[in-house]
Amino acid sequence: MPELPEVETIARVLRQHLLGQRLDGARLNAIARHGKALLFDFSGAITGRERLVARLGMTGTLRLNAAPDKHTQAVLQFDRDALVYSDIRKFGRLIWSNEPLHLGPDILALPAAELARRLSHRERAIKPLLLDQMLVSGLGNIYVDECLFAARIHPLTPASQIDAAALSQAVTSILEAAIAAGGSTISDFYDPLGRPGRYQEQHRVYGRAGQPCPRCRTAIVRTLVAQRGTHLCPSCQPLAQ
DNA sequence: ATTACTACCTGACAGC
DNA sequence: TGCTGTCAGGTAGTAA
């Protein structure tokens, strides 16, 4: 599941525990996040490369000193701690690579004007466009729905009609609040110390079909947009004609 | 160039 | 108990 706030939560915990430790003789110098990708940069090459890229897919986890189980794909033994990578559905990837990331800009670091530029000439519906990691990276299905609700945008609105400044403000505010709460735990997400996130308690539309909209009390609706479960308030997020 | 759809993989859950 | 069908937060590949 991990989207930007969950990956940022993982990065912060791992920085506290792993920076400066060695793996196969190479020192871990930095842990960065770009969108949903985690980047581990080492001082020396391991298998010929100095960067390990983790993309966790839907169910990938990175746990410190956890007991490996049947879903464990890799164990990285550092000086003092072991980093255990597991992935039930095997959509994630752990790859040694010095290649530039094949990803659009991180959405938290993206100025509103640049978001506007990227949306202005697109006629596609805003939701699937925001899920396209080549356009902007970091949003997944949960936070897209939460951000579009916050910005009062219907997920099928053509991208060129979007008020990008308002959307950018909503994205920043939602993602920062989610990071502060340690991400969302629906079923699978736990940080490297095994702690769940708390932001699911603040979800306003995701997973709340049939419940009242927190702004106007209209029942939240669940529909399909681009084959993805999509949650919205039909009153706060009208589709303009 | 852009968009739409499918497949990948496992587990949880509902219904029978 | 156990079978079947459906669904899940991501993304790569293919085809229109």
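Values below: every heavy atom of this structure, side chains too, minus hydrogens, waters and symmetry copies. We name chains A, B, ... by the order of the sequence lines, and we start the count at 1 in each one.
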Inset, instruction - Decide yes or no on ring pair (Phe, Tyr, Trp, His ring centres under 6.0 Å) for A:Phe42 and A:Trp96, but give the supporting numbers first. - result: CA-CA 11 Å; A:Phe42 290 85; A:Trp96 289 99; 5.5 Å; yes

Inset, instruction - Take A:Asp145 and A:Lys127 through the salt bridge (charged side-chain N to carboxylate O under 4.0 Å, His left out) test and state the conclusion after the steps. - result: CA-CA 8 Å; A:Asp145 283 2; A:Lys127 173 163 175 172; 2.8 Å; yes

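Looking at A:Asn65 and A:Asp81, their side chains do bring a donor and an acceptor atom within 3.5 Å of each other.
Residue A:Lys36 has its side chain nearest to C:dT11 when only B:dG11, C:dT11, B:dT2 are considered. Distance from the side chain of A:Phe91 is smallest to B:dC8 among B:dC8, B:dT6, B:dG11. Among B:dT10, C:dG10, B:dT3, the nucleotide with an atom closest to any side-chain atom of A:Glu3 is C:dG10. For A:Asn141, the listed nucleotide lying nearest its side chain is C:dG10; candidates were B:dT3, C:dG10, B:dG11.
Residues A:Ile142 and A:Ile10 fall within the same hydrophobic cluster, defined by Ile, Leu, Val, Met, Phe, Trp and Tyr side chains chained together at heavy-atom separations under 4.5 Å. Residues A:Val75 and A:Leu14 fall into different hydrophobic clusters, defined by Ile, Leu, Val, Met, Phe, Trp and Tyr side chains chained together at heavy-atom separations under 4.5 Å. Clustering ILVMFWY residues whenever any of their side-chain heavy atoms sit less than 4.5 angstrom apart, transitively, puts A:Val7 in the very cluster that holds A:Leu94. One hydrophobic cluster holds both A:Leu110 and A:Leu119 under the rule that ILVMFWY side chains link at heavy-atom gaps under 4.5 Å.
Of the side-chain N and O atoms in A:Lys90, one or more sit less than 4.0 angstrom from OP1 or OP2 of B:dT10. Between A:Arg55 and C:dA12 there is a side-chain polar atom (N or O) within less than 4.0 angstrom of OP1 or OP2. Distances shorter than 4.0 Å separate none of the side-chain N or O atoms of A:His102 from OP1 or OP2 on C:dT11.
Between the CD1 atom of A:Ile142 and the C1' atom of C:dC7 there is a distance of 14 Å, given to the nearest Å. In this structure, CZ of A:Arg122 is placed 9 Å from C1' of B:dT3, rounded to the nearest angstrom. We find that CZ of A:Arg228 is positioned 13 Å from C1' of B:dT6, with the value rounded to whole Å. We find that CG of A:Asp188 is positioned 10 Å from C1' of B:dA12, with the value rounded to whole Å. Atom CD1 in A:Ile95 sits about 12 Å away from atom P in C:dT11, given to the nearest Å. When rounded to the nearest whole Å, the span between CG of A:Leu56 and P of C:dA12 equals 13 Å. In this structure, the CD atom of A:Gln227 is 18 Å from the P atom of C:dA12, given to the nearest Å. Taking atom CD of residue A:Gln73 and atom P of nucleotide B:dC9, one finds them 12 Å apart after rounding to whole Å.
As judged by a 4.0 angstrom heavy-atom cut-off over every strand, A:Tyr206 is placed among residues touching the sugar-phosphate backbone only. At a threshold of 4.0 angstrom between heavy atoms, the contacts of A:Ile186 include nucleobase atoms, whether or not backbone atoms are also involved. A:Gln133 comes within 4.0 angstrom of sugar-phosphate atoms only, judged by non-hydrogen atoms across all strands, and of no base.
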Inset, instruction - Using Watson-Crick or G-U wobble pairs with both distances under 3.5 Å, give me DNA chain C in dot-bracket, 5' to 3', with [ ] for crossers and | for pairs to another strand. - result: .|||||||.|||||||

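Cation-pi contact between A:Arg208 and A:Phe149: absent, since separation from the ring centre below 6.0 Å together with deviation from the ring axis within 45° is not met.
Taking the P atom of each, C:dT14 and B:dC9 are spaced 16 Å apart, rounded to whole Å.
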